[in-house]
Amino acid sequence: MTPFPYNEIVLEHFRNPRNVGKMENPDGKATEGSPACGDMVAVYLKVNEENKVIEDIKFESYGCASNIATGSIITELAKGKTLEEAKKITWKEASEALGGLPALKAHCSVLAVEGLRSAVRDYEERHGLVTERVPTTLETLHKRLKHVMNPLCGLDVVRTDLVKSLTLEDGAVKVEIALPADHQFAAVVKEDIKDKIEPLWDIKDVVVEFVGE
Amino acid sequence: MFGETTYLDNGAATRLDERVLEAMRPYYFDTYAVATSEFGYSIGITAREALDEARAALAAQLGGRPNEFIFTSGSTESSNMAIKGVMMALAEKKGRHLITSKIEDFPVLNSARALERQGYRVTYLAPDGDGRIDPEAVRAALEPDTALVSIQHANQEIGTVQDIAAIGAVCREAGVVFHSDATHTFTRVPLDVGRVPVDLVTVSAHTIHGPRGVGGLYVRKGTPLRKWMDGGFQEFDLRAGVEDIAGAAGFAAAAALITQEETDHIQAMRDRVIERALAEIPFTMLNGHRTERTPQNANITFHYVEGESITLQLDMRGFAVSTGSACFSKSLEASHVIMGIGGDHERAHGSVRFTFGRYNVMEDADRIIDNIAEVVAQLRAISPLYPGKEQA
């Protein structure tokens, strides 16, 4: 027994993370999180073009123990799986494979799962597997905003009710955030929102306004 | 169980000295009565004498008089009492404006925020990059209705010591009451209220190998202070509640045990950590002022790594240190001190505080650097932010 909130499996992965490091010329890669929210994960993939199996996977982490351990376990879970299978790996599976994670640290570990999914999406986009250009809807935006962390509590800005309003008109997005403009995290949140929404193919402009007191 | 731990978090709490415990023991098992007036019963009168003796000794440590020292439950209560007590006492007579700094510890900062919610105005001064508050900035922030200035003697995280003599002089000249939180300097950095024009000083036993839950507030005679803990007439009718005589005796004993020789040794360990960390580990920086800092505090940012991972790795190697990382804190917020001195999140997340105490030896300073160098190198090897990998 340890006095830490982490179990032995988590600590073991934290001490000896698997598949760690940068990958030269990856077929797909993604970074989730930011130094500002305290956690960041990069995921790199080598994919067999024929059968779409992940032949190699590497990750890097700037973050706490849960972040590192989940990055490690996610690479073990994804290796040898097809892209379709890898996309379906959930945070719950990763957490279970680690024997459970502290609830407070959920967001740190969710990042690793999102990192894997984004890396798969990156591969699909680069290899022309996403051919349909689906018009962006409010629902798409909402989904993307769920990947923006509220640094105040480490959960996303949607779940923590920071998004006061969200509008979409002719490719112009306006997001109102319930933080004062001079809040210490305002700049970070704004940058993160722009990063997540601007790459959408039919979005021309993203405006983030701070309406908190 | 933790006998092998190398404890370097003395800024958070210290191990009790056995001699302090011995000084406290009689008031639990022998002279256990409440402190009665001189017309009470013998056991209570003896208890009263012990309380008075402890009070006089602690007041003398600050150069004050015995009736200027109030016992409290610790620095949190002391600072609450000083800030809310003075602001409420002067709300009508002087005004509702308070000046403090952005990097105060939570008892001061959150007392100020609580007052703001009740309609008071607060100016939060920004320090310079070393964490120093310019006395002239205090002067510039003064308004006709400023009732109180509260600037800490030294910072809890980065150790920077303020020129409270100069800040106090500005306040004295303007006729404004001045409070200073000296939790991290008491008995280690000289403070004489005979020379420094400060009206209220927060002190605590928990940082000097004394008991937890015992603190004090120096209150210069004549300082307006509203009583806010209602009850009996203890502590000159300024703080109600049955006195903790064992705690008071322990606090006085702890203060008496601090020597210059010990403080010099602690400072030498601090300097060893700072010098070796900056010289031997790349991408590091010192947080706080290089020389105007408390003897026990070294605070260093190890760039490109996250503090909770450092502290957990160090814990598994038998070291206890703390970090300004959001992950480490209960609030999940990055250190307001590092952000307050102009740092960014990355600098706060990678900051590690080492605070030395009586039970540390020079070997601890060397061992922590040897170990942290390894841990930081390991974590950087897996960090997507670290630019040094190509070279390595």
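Numbered from 1 within each chain, the chains take letters A, B, ... in sequence-line order.
- Residue contact with chain A, scored on non-hydrogen atoms closer than 4.5 Å, involves the backbone and the side chain of Gln313(B) alike.
- Counting heavy-atom pairs under 4.5 Å between each of Ala42(A), Pro17(A), Ala65(A) and chain B puts Ala65(A) at the top.
- Within 6.0 Å of the NZ atom in Lys146(A), the count of heavy atoms belonging to other residues, nucleotides or ligands does not exceed 12.
- Between the SG atom of Cys64(A) and the CD1 atom of Ile310(B) there is a distance of 12.5 Å, given to the nearest 0.5 Å.
- The environment of Lys190(A) atom NZ is sparse: at most 12 non-hydrogen atoms of other residues, nucleotides or ligands sit within 6.0 angstrom.
- Residues Tyr62(A) and Tyr304(B) share a closest heavy-atom pair of CD1-O, 3.4 Å.
- Between Ser309(B) and Phe14(A), some side-chain heavy-atom pair lies under the 4.5 Å cut-off.
- In Arg15(A), the CZ atom is crowded: over 12 heavy atoms of neighbouring residues, nucleotides or ligands sit closer than 6.0 Å.
- Taken to the nearest 0.5 Å, the CZ atom of Phe59(A) stands 5.5 Å off from the CD1 atom of Ile382(B).
- Counting non-hydrogen atoms of neighbouring residues, nucleotides and ligands closer than 6.0 angstrom, the NZ atom of Lys102(B) reaches no more than 12 such neighbours.
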